[in-house]
Amino acid sequence: MRVLGIESSCDETAAAVVTDQGEVLADVVASQIATHGPYGGIVPELASRAHIRAIIPVIHEALSGIPGGLAGVDAIAVTRGPGLVGSLLVGVQVAKALAWSLDKPLVGVNHLDGHLFAIYLQRRESDEPTSVPKMPHISLLVSGGHTALYRVEGFSDVVLLAQTRDDAAGEAFDKAAKLLGLGYPGGPVIDELAARGQADAFSFPLPMASRKTLDFSFSGLKTALARHVQQAGVPKDEQTLANLCASFQGIIVESLVRKSLLACEREAIDQLVITGGVAANRGLRASAKVACDKNRITLFVPPPISCTDNAAMIAMAAVHRLADGESDDLSFAVYSRDPDRRRGKFRADGTLVDHKSE
Ligand code: KG4
Ligand code: ZN
């Protein structure tokens, strides 16, 4: 079975073809960074228009090497949310039109499931290990819009353990980069600078340091950086700037790694997946590896190309439903927020109330 995946939830227009074994046959991503860069963040109206321009050429390119082109595809998967509604509508309407005209099954995919199951993609060109985690495992999903910990029981059984109380980690990177005049998106440029800096040069408070909670919080850290910049200004020399980035990134990484290990401990699970755009961060990948080795936890991180938004992960997330003969009615709607996995509930002592037992 070959699945055509379509992704347009945010600022990437993407199409991919993936087999039911997770093999990536085609993977095309058209980025809108140049469009949004001058604004220091995504402008929704511009994003929708850019998706409309890009979506057909991107799908064409993804199908160009597939025998039979569109006819060689057995099903279509498309991101239906969460994301920017105007952006989502572009991908969803094109996917519906294709499914209807070709009479092929269509599955609407939760974008977060895409990130969670990206680890099962098999990319031939990747030199990273292709071993995949068993179920259940813990997954840290860390992106521009989300930062959350899940217990992944199966392809359609995902339990939210905790998430950020305010900003997502990627958002913190992006806002910090804007403050420091480093452009958009902030993650890759801070990652680059941090690699040349000293993480102990500046001290920032570790958010949600208590072991009582698995929650994250990054808005206080952003405020601490803003206060620092207000008082000391943006560092003029490259080394001080690199040190500031390393210190800021170091705290985010420490928070992410600590809570992920705590989740593994609490759930008595020794497999951890880290996924989403921020999982491309070299500092996070390196720290998580050291901490997991020390705690005898097997770490799985997709290659960077599978971490940031792509359509292969959307096709992957649909494969199991399609294999079970499931598909969606063509009248399904898009959603801007995740309808199933809202903020987790916590007891007064900070421990999580499992939503299944509620
Ligand atoms: O998963 P993604 O592509 O889109 C969302 O679903 O949000 O994640 C985008 C986020 C942005 O905030 C970007 O700054 C961050 O991922 N990011 C990184 C790196 N590459 C992308 N953050 C830190 N280090 C990176 N190397
Ligand atoms: Zn994403």
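Indexing begins at 1, ligand by ligand and atom by atom, following the structure's order.
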Considering all heavy atoms, the nearest D309-S9 contact = OD2-OG, 4.4 Å
query = Has ligand 1 got any nitrogen or oxygen that is less than 3.5 angstrom from a nitrogen or oxygen of G277?
reply = yes
Polar atom proximity, D191 to ligand 1 (N or O, under 3.5 Å) = yes
ask   = For ligand 1, is there an atom lying under 4.0 Å from some heavy atom of A280?
value = yes
query = By number and element, which atoms of ligand 1 are closer than 4.0 Å to a non-hydrogen atom of S143?
reply = 1 (O), 5 (C), 6 (O), 7 (O), 8 (O)
query = Between G145 and ligand 1, does any nitrogen or oxygen pair lie at a separation below 3.5 Å?
reply = yes
key: Pairwise salt bridge (Lys or Arg N to Asp or Glu O under 4.0 Å) hits with a residue in residues 56-70, at least two apart   = none
query = With sequence neighbours left out, what residues match E254 under side chain to side chain donor-acceptor pair (under 3.5 Å)?
reply = R258
task = Would you please say whether a donor-acceptor pair under 3.5 Å links the side chains of T240 and N243?
result = no
Pairing of D27 and R123 as salt bridge, 4.0 angstrom limit = yes
task = For residues 306-331, pull every pair meeting ring-ring contact (aromatic ring centres under 6.0 Å, His included), keeping only residues two or more places apart or in separate chains.
result = F155-H320
inquiry  = Tell me whether D74 is salt-bridged to R2, with the criterion being a basic N under 4.0 Å from an acidic carboxylate O.
reply    = no
key: Salt bridge present between R196 and E238 (N-O < 4.0 angstrom)   = yes
query = Mind checking whether D174 has an N or O less than 3.5 Å away from an N or O of ligand 1?
reply = yes
ask   = What are the atoms of ligand 1, with element, lying closer than 4.0 Å to any heavy atom of P185?
value = 14 (O)
ask   = Any luck finding a side-chain donor-acceptor pair between T298 and Q271 under 3.5 Å?
value = no
ask   = What is the nearest protein non-hydrogen atom to atom 22 (N) of ligand 1, stated with its residue, atom name and distance?
value = G187 CA, 3.2 Å
message = Can you confirm if the aromatic rings of H228 and F202 lie within a centre distance of less than 6.0 Å?
response = yes
key: Atom indices of ligand 1 within 4.0 angstrom of G170 heavy atoms, with elements   = 12 (O)
task = Could you label the plane-to-plane angle of the F117 and Y120 rings as parallel, tilted or perpendicular, counting under 30° as parallel and over 60° as perpendicular?
result = tilted
note = The option among D309, L112, N281, N310 carrying the non-hydrogen atom nearest to atom 5 (C) of ligand 1 is D309
query = Have S219 and D167 got a donor and an acceptor in their side chains that come within less than 3.5 Å?
reply = no
inquiry  = For the residue pair H51 / T13, report whether a side-chain donor-acceptor contact shorter than 3.5 Å exists.
reply    = yes
query = Closest non-hydrogen protein atom to atom 9 (C) of ligand 1, residue and atom name please, with distance?
reply = G144 N, 3.7 Å
key: Interfacing atoms of ligand 1 (cut-off 4.0 Å, heavy-atom, H111)   = 6 (O)
task = Could you tally the protein N/O/S atoms lying less than 2.8 Å away from the Zn ion (ligand 2)?
result = 3
key: Nearest neighbour in protein (non-hydrogen) for atom 15 (C) of ligand 1   = V278 CG2, 4.0 Å
ask   = Would you say H115 and ligand 1 have an N/O pair spaced under 3.5 Å apart?
value = yes
